[in-house]
Amino acid sequence: MSDLRETRLEKAAALAALGQGPYALRFEPSHRTAALQQDHADLANGEERVLEVAVAGRVMTRRVMGKLAFFTLADETGPIQLFIEKSTLEASMPEDPEAFAHLTSLVDAGDLIGVQGSLRRTDRGELSVKVKGWAMLCKSLQPLPDKWHGLADVEKRYRQRYLDLIVSPHTRETFRRRAVAVSSMRRWLDERDFLEIETPVLQSVPGGADARPFETHHNALDLQLTLRIATELHLKRLVVGGFERVYELGRIFRNEGISTRHNPEFTSVEIYQAYADYVDMMVLTEQLIAHVCQQVCGSTQINYQGTDIELAPPWRRATMHELVQTATGLDFNCFDSREAAAAAMRAQQLEVPALADSVGRLLVAAFEQRVEADLIQPTFVIDYPVENSPLARAHRSKPGMVERFELFIVGRETANAFSELIDPVDQRQRLQAQQERRAAGDDEAQSVDEDFIHALEVGMPPTGGLGIGIDRLVMLLTDSPSIRDVIAFPLLRPETGPGAMG
RNA sequence: GGGUCGCUAGCUCAGCGGUAGAGCACUCGGCUUUUAACCGAUUGGUCCUGAGUUCGAAUCUCAGGCGACCCA
């Protein structure tokens with residue numbers, strides 16, 4: 001390992017002695033490789049094209065055979081072969097009579113080089129740059145991952161993502177798609193007069209979701225602060241302030257476990273539209289996600305882990321009550337006590353969580369156990385019990401319920417929306433009930449944010465609000481099984497011990 | 001938090017109670033149509049850690065560490 005590094009440092013010194021860097025200031029490529037591959041697809045085997053090109057990239061493989069060598073050079077768009085002939089190279093580089101020996105002995109796989117030459121398709125049909133000049137751009141001191149197996153160690157893929165990106169075109173494509181998803185989402189919202197306004201990450205009262213926050217401290221004010229667990233309460237303050245369409249797409253932090261669907265920091269977009277309700281938000285959700293899917297995948301029909309998914313609107317809408325009744329035979333409207341519901345659930349071999357202290361919470365428990373995982377095609381699950389939704393408005397016609405939906409795709413919660421609660425008296429009671437649960441030991445329960453209540457007392461228009469988990473959406477659009485596949489640098493335990501990489 | 005599996009050369013892995021192995025990579029030599037190039041040679045090890053069983057442990061047992069997958 002360190003032998004390889006020593007050898008490469010020696011080669012770097014040899015290059016420096018030849019006036020070749022090894023860390024060049026700049027290089028001007030004339031083309032990217034994918035464009036060359038595409039534009040010269042018609043070049044016949046063994047033919048050469050009268051065209052001088054300059055390309056830059058990383059040397060991926062080397063095959064040296066006497067007085068002829070083949071390298072593959074990859075730029076961001078992909079690979080192209082270098083056809084390196086001793087006689088040609090040395091005839092066009094009179095300043096270095098050993099140009100071929102230098103190129104083949106001082107350039108290793110992993111180095112970044114620039115080459116210039118003409119285009120030639122080899123007898124075996126590989127489009128190549130026939131090299132007439134070369135320059136070292138950056139000497140690499142570390143080996144590339146195994147050229148055949150790649151980065152087989154999953155952990156190393158996340159820990160050293162740069163290596164994963166170098167050797168895995170699929171990983172590059174995933175992050176390219178993520179960028180397209182985010183930018184097309186912003187553009188769609190901007191075109192509809194939504195304003196993106198940034199709200200604080202550092203908060204003294206975390207709110208807007210049931211989750212444990214990360215804690216931190218501001219020295220100058222000697223103030224305990226938490227990282228935000230949602231953007232909801234500040235975006236609503238902006239609606240109170242008169243912005244009728246606002247959103248924020250950004251990072252959220254929740255102090256919880258790590259799984260294939262959870263990373264402690266993740267990205268959400270929250271969208272608020274004044275004078276709208278949750279039915280309007282359903283339409284907005286399906287339009288927005290279908291649009292993003294079209295932009296990213298070129299179609300609204302996609303395949304996720306072997307299952308075909310159709311994202312063209314309209315999507316199925318079903319109440320939580322109906323879904324649970326269909327799946328379990330239990331009609332939760334009929335239960336007049338928690339015990340009655342619990343007994344009926346046990347009769348169906350459903351687990352009855354001790355923390356679920358009401359019929360509504362049991363309904364949610366039954367939903368999670370028997371329905372959620374089977375909601376493969378996009379489905380709006382509508383009308384939730386009030387107990388679990390302290391920021392959603394009471395249902396217009398169903399007592400004990402709120403106007404809320406969650407969007408499920410491939411069995412995963414992907415979006416959450418309400419007709420927002422704008423009654424400050426009701427809101428205070430709901431948050432106080434949460435605070436009591438908190439005092440009783442539920443550390444995911446919410447607290448009372450007095451300034452937020454004050455804002456509601458100033459008056460907020462009827463508003464529809466929506467949150468979408470960007471990471472889970474990107475997983476869907478990139479066919480990724482784990483959230484770690486769509487986060488460039490997912491949280492990992494730091495490496496310790498003598499081999500630690502920092 | 002529970003279960004299953006894994007940890008041996010830089011990488012991918014074999015070895016499962018008796019001298020530590022292969023392929024690739026690296027280094028050196030050869031080679032003008034290769035693309036996992038090929039041919040030859042040389043390098044390269046805290047077998048995750050600790051304790052135990054044994055004449056003898058990479059191998060068996062126990063504990064711990066780290067990771068992957070599944071479940072909650």
Side-chain angles (χ1 to χ4, degrees), chain A residues 1-11 14 33 37 43-48 59-74 78-91 100-101 103-111 119-131 139-160 163-164 166-168 256-262 305 350-356 365 368-370 372-373 411 481-485 490-501:
Chain A
M1 184 63 159
S2 65
D3 280 352
L4 181 139
R5 191 165 172 276
E6 288 303 317
T7 307
R8 292 199 175 184
L9 282 169
E10 283 164 21
K11 291 180 181 180
T33 64
Q37 299 279 14
L43 189 61
N45 288 6
E47 296 292 308
E48 214 165 310
V59 175
M60 302 304 290
T61 62
R62 307 163 68 245
R63 292 177 293 280
V64 180
M65 40 208 68
K67 299 184 178 63
L68 180 69
F70 300 92
F71 288 9
T72 45
L73 186 75
I80 193 162
Q81 181 168 264
L82 305 184
F83 179 92
I84 307 162
E85 203 173 33
K86 186 172 194 288
S87 53
T88 304
L89 180 65
E90 292 184 352
F100 182 80
L103 175 53
T104 53
S105 66
L106 298 179
V107 176
D108 293 296
D111 291 353
L119 279 183
R120 175 194 175 89
R121 192 175 295 281
T122 63
D123 297 348
R124 299 292 184 87
E126 189 74 39
L127 185 70
S128 309
V129 176
K130 185 175 178 182
V131 177
K139 184 73 195 165
S140 170
L141 303 181
Q142 295 286 342
L144 285 181
D146 187 280
K147 66 184 171 189
W148 183 239
H149 300 97
L151 265 187
D153 181 344
V154 184
E155 188 196 355
K156 203 165 189 177
R157 286 218 320 260
Y158 302 137
R159 247 183 230 292
Q160 296 179 245
L163 289 178
D164 184 28
I166 288 167
V167 299
S168 167
E256 56 196 24
I258 295 174
S259 79
T260 50
R261 294 177 302 281
H262 298 88
Q305 303 290 300
L350 282 154
E351 213 177 301
V352 177
L355 277 174
E368 286 171 352
Q369 290 173 60
R370 288 290 165 82
E372 219 174 86
S482 169
I483 196 169
R484 293 194 198 186
D485 297 325
L491 185 70
L492 300 169
R493 188 187 302 276
E495 278 191 302
T496 53
M501 306 289 291

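Below, chains carry the letters A, B, ... as their sequence lines are ordered, and counting in each starts from 1.
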Are A/Arg157 and A/Asp485 close enough for a salt bridge, meaning some N to O gap below 4.0 Å? yes
Which whole-number value in Å describes the distance from A/Glu155 CD to B/C11 P? 13 Å
Check whether any side-chain N or O of A/Arg121 sits under 3.5 Å from a backbone N or O of A/Leu43 as a donor-acceptor pair, and report yes or no. yes
Check every strand shown and say whether A/Lys11 touches a base, only sugar-phosphate, or nothing at a heavy-atom separation below 4.0 Å. sugar-phosphate
Taking the same atom, P, in B/G6 and in B/C62, what whole-Å distance lies between them? 14 Å
With the side chain of A/Thr260 defined as its heavy atoms from C-beta on, choose the nearest nucleotide among B/U32, B/C70, B/U27. B/C70
Taking atom P of B/U12 as reference, at what distance in whole Å does atom CG of A/Leu144 sit? 14 Å
Among B/A68, B/U12, B/U33, the one nearest A/Arg484 by side-chain distance: B/A68
Considering only atom P, compute the distance from B/G15 to B/U33 and round it to an integer number of Å. 40 Å
Between A/Arg62 (CZ) and B/U33 (C1'), how many Å, whole number? 17 Å
When rounded to whole Å, the CH2 to P distance for the pair A/Trp148 and B/C11 reads 20 Å
For B/A20 versus B/C13, give the span between their C1' atoms, rounded off to a whole number of Å. 14 Å
If the C1' atom of B/A41 is compared with that of B/U59, how far apart are they to the nearest Å? 33 Å
Candidates B/U12, B/U33, B/C26 - which lies nearest the side chain of A/Ala152: B/U12
Please round to the nearest 0.5 Å and tell me the distance separating atom CZ of A/Phe100 and atom CG of A/Leu68. 6.5 Å
Measure NZ/A/Lys156 against C1'/B/U12 and give the value in whole Å, please. 12 Å
Send over the distance from A/Leu68 CG to B/U33 P, rounded to a whole Å. 6 Å
Shortest non-hydrogen contact from A/Asp123 to A/Gly46? OD1-CA, 3.5 Å
Which residue lies toward the 5' end of RNA chain B, A/Thr122 or A/Ile258, if each is placed at its nearest nucleotide? A/Thr122
Mind checking if A/Thr72 touches a base, just sugar-phosphate, or nothing, with heavy atoms under 4.0 Å? nothing
When the P atoms of B/G64 and B/C24 are considered, how many whole Å apart are they? 41 Å
Is it true that A/Lys67 and A/Glu85 make a salt bridge, defined as a side-chain N closer than 4.0 Å to a carboxylate O? no
Quick one: does A/Asp111's side chain have a donor or acceptor within less than 3.5 Å of a partner on A/Ser140's backbone? yes
To the nearest Å, give me how far apart CD (A/Glu85) and P (B/C31) are. 16 Å
On a whole-Å scale, what distance lies between the P atoms belonging to B/A63 and B/G21? 32 Å
B/U43 to B/U8 separation - P atoms, rounded to the nearest Å: 24 Å
As a test of reading the structure: which of B/U12, B/C26, B/U33 is closest to the side chain of A/Arg120, going by heavy atoms? B/U33
Listed range with range, the stems formed with RNA chain B by at least 3 consecutive Watson-Crick or G-U pairs (under 3.5 Å) are B:1-7 with B:65-71, B:10-13 with B:21-24, B:27-30 with B:38-41, B:48-52 with B:60-64
Looking only at non-hydrogen atoms, find the nearest pair between A/Leu127 and A/Ile80 and report the distance. O-CG1, 3.7 Å
With the threshold set at 4.0 Å, does a side-chain nitrogen-carboxylate oxygen contact exist between A/Asp164 and A/Lys156? no
Side chain of A/Val154: nearest nucleotide among B/U33, B/G23, B/A68? B/A68
Rounded C1' spacing from B/C38 to B/G3 in Å: 48 Å
With a non-hydrogen cut-off below 4.0 angstrom, is A/Arg121 in contact with a base, only sugar-phosphate, or nothing? nothing
Looking only at the side chains, is there a donor atom on one of A/Arg63 and A/Thr61 sitting less than 3.5 Å from an acceptor on the other? yes
A/Asp146 CG to B/C26 P, straight-line distance once rounded to whole Å: 11 Å
